[in-house]
Amino acid sequence: MSSLNASLATALSGLTAEQGALQATSNNVANVNTPGYSRQVPILATANPIVVDPLTLGTGVTLQSIDSIRDPILESRIQQETQTQGQLTALVSAMSQLQVNFTSTTGDIGTALSNFFNSVNQLATSPADLSLRQGVLTAAQNLASAFNRSSNSLTSQRVNLDSSVTQDLGQINQLTGQIARLNGEIANLQNVGENAGTFIDQRQQLVDQLSSLIDVSVIPSNNSVTLTTANGIALVAGQTSYQLSSHLDVSGVQHIFAQGSDVTAKIVSGQLGGLLQARDWQIPAIQNQLDQLASGLANAVNGVQTAGYDLSGNLGTNLFTPPPVNGVGAAASLSVALIDPSLLAASSDGTVGDNGNVEALYALRNQAVVQGQSPTDFYSSIVFNVGNSASDINANQSASALVLQQLNDQRASISGVSLDQEAANMMQYQQAYAASAQVISAINTMMQDVINMKSS
Amino acid sequence: MNIHPSLTSASADESLTSASASASSLLLLKKLEASLEATQTCLLTRDVAGLERATSEQRQLLQLFSLAWGRQKAAGHFDNSVPSPVSSVEPSGLARRVLDLARVQLVLLARSQQWLRAVANMLSGRSTAYGPPNFEDQPSCRV
């Protein structure tokens, strides 16, 4: 009987193992369309044999574990590419809005600049004509307005990016909190030898979402992961998440703090990195160039104005309000100082009808007034740089998207569920289960025979 | 690769109509677009043989396009006073797509180059200094 019981136990182990394997297959099939799900594989192992002299008898099979199929190196590459993609997406959005400021329209700086010099050229044909003089003042006003609009648009965009920074921080803190909780769940399960595959998949998805927002370094540790930024700012350690906070800086934008330290400049990737790059580098650089152009042009025009004589024979006064000494804010504050067209200094010697000073004003369009360049050339270089940067960023983003798609396809081929394979596995486990059941049935018959022998 | 007969026959220069010249340029641009799209797959899968083929094809297409462009220019097809027989919308959109694809290809090439440097450094062994390897000294690392 003892040997029959042993055989029964062995057959039962087969039933149990195949049941567990079928459970894993069932879970795979149920999650075939679940994003981020890693297919599970039952690991069967021979149970420890027993020695019954002179024989060593097997004791069946055990379902050792149910493992999730993942490629950690591939996961790491996907995270890195996700960070890059997040950063570039934020930059593409920012640059496309920036480009709107420099698109050739009736109100852009380039057109206004051209119209201003054209009006000056027209005045040179009849310097005493009040309507032509008014034309110059109107063109100057339009030029100033174009500078104001562009500058204000850049400031407004910077404010919008600032609010996006705050929103992203909220999402990051929420995700790190969830990841820390999952670390706890996973540790609890793994400490008692249970399968935590589902929670690991959930955690991986959250890490991927976090990667799109901020640069993340994943350091596996005992039954959990530690997350930091690329520069070592702690985000999650075990079951503890470290929240990032934001405070308004003297520069007027939100700065990011981690454990009391300003870490704004240390965030270099992810969507947050892209937003900060656009807010703190791209836009200020363009703003600075606009200020230089406005300042250089205003000072040059004013210089010519004050060297000539108006219709009354008096020395000319500034056409534009003098820009700030260091140029900061020149584009936003540029305005026309003259209201009376007769005060335009067209004459170079005080004679009515002389157009010497107007010619000098018109000549400014080809003179080096900003960093060794003419106003038109300098503006063209701004436009070119913005367009070129936008094109480069777009190309990088497209390339990154292609690479990310390919990596995700690779992950799907490794960790994804194949219904054909699961169907084949199901048949295999089902047949093994049926075979074990047959064995149990046979043992049952033999036991009945033994009992009947004894009773007779 | 099918090439428009008018582009290969010198004697056909005199009989080249403006419409056929523009159509040829358009055809070449479309082939260039298709070739650049195919190159992306080669770069992503690191199919070196496919990449060489595609690059060679693109070089040929660009040469033919330059030829067709030159002929159009010589025939005065870019004179604003002469109405163009071909709509200007399609070529400019196509040209922009080709330009965008070329930029993406440059980025993918740069990334592949980085990857190759990393692999070459790994193969070079511990004694090699960090940085692009010197292939002259290490023939076994030739890529």
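This structure is a prediction, so every number in the text was calculated from the model and none was measured. The chains referred to below are lettered A, B, ... by the order of the sequence lines, with proteins before strands, and numbering in each begins at 1.
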- Rounded to the nearest 0.5 Å, what separation is found between the CG atom of B:L94 and the CG atom of B:L29? 4.5 Å
- Message: Nearest 0.5 Å, please: how far is CD in A:E81 from CZ in B:R111?
- Response: 4.0 Å
- Query: Picking from B:Q58, B:E57, B:Q60, what satisfies side-chain contact (heavy atoms from CB on, under 4.5 Å) with B:L32?
  - Reply: B:Q58
- Dump the intermediate steps for side-chain contact (heavy atoms from CB on, under 4.5 Å) on A:V92 and A:N394, then the final yes or no. CA-CA 6 Å; A:V92 162; A:N394 270 303; 3.5 Å; yes
- Task: Answer yes when A:D108 and A:R149 have at least one side-chain N-carboxylate O distance shorter than 4.0 Å, and no when they do not.
- Result: no
- Task: Measure up the A:F117 and A:Y362 rings against each other and bin them: parallel (under 30°), tilted (30 to 60°), perpendicular (over 60°).
- Result: perpendicular
- Checking side-chain contact (heavy atoms from CB on, under 4.5 Å) for the pair A:L91/A:N396: CA distance, chi angles, key distance, verdict? CA-CA 10 Å; A:L91 281 171; A:N396 274 286; over 6 Å; no
- Between A:D392 and chain B, which part of the residue has a heavy atom less than 4.5 Å away: side chain, backbone, both or neither? both
- Note on the structure: Whatever's closer than 4.5 Å to a heavy atom in chain A on B:Q105 counts as neither
- Could you please state which residues from residues 43-55 of chain B sit under 4.5 angstrom from chain A, measuring non-hydrogen atom to non-hydrogen atom, sorted by number, or 'none'? B:L44, B:T45
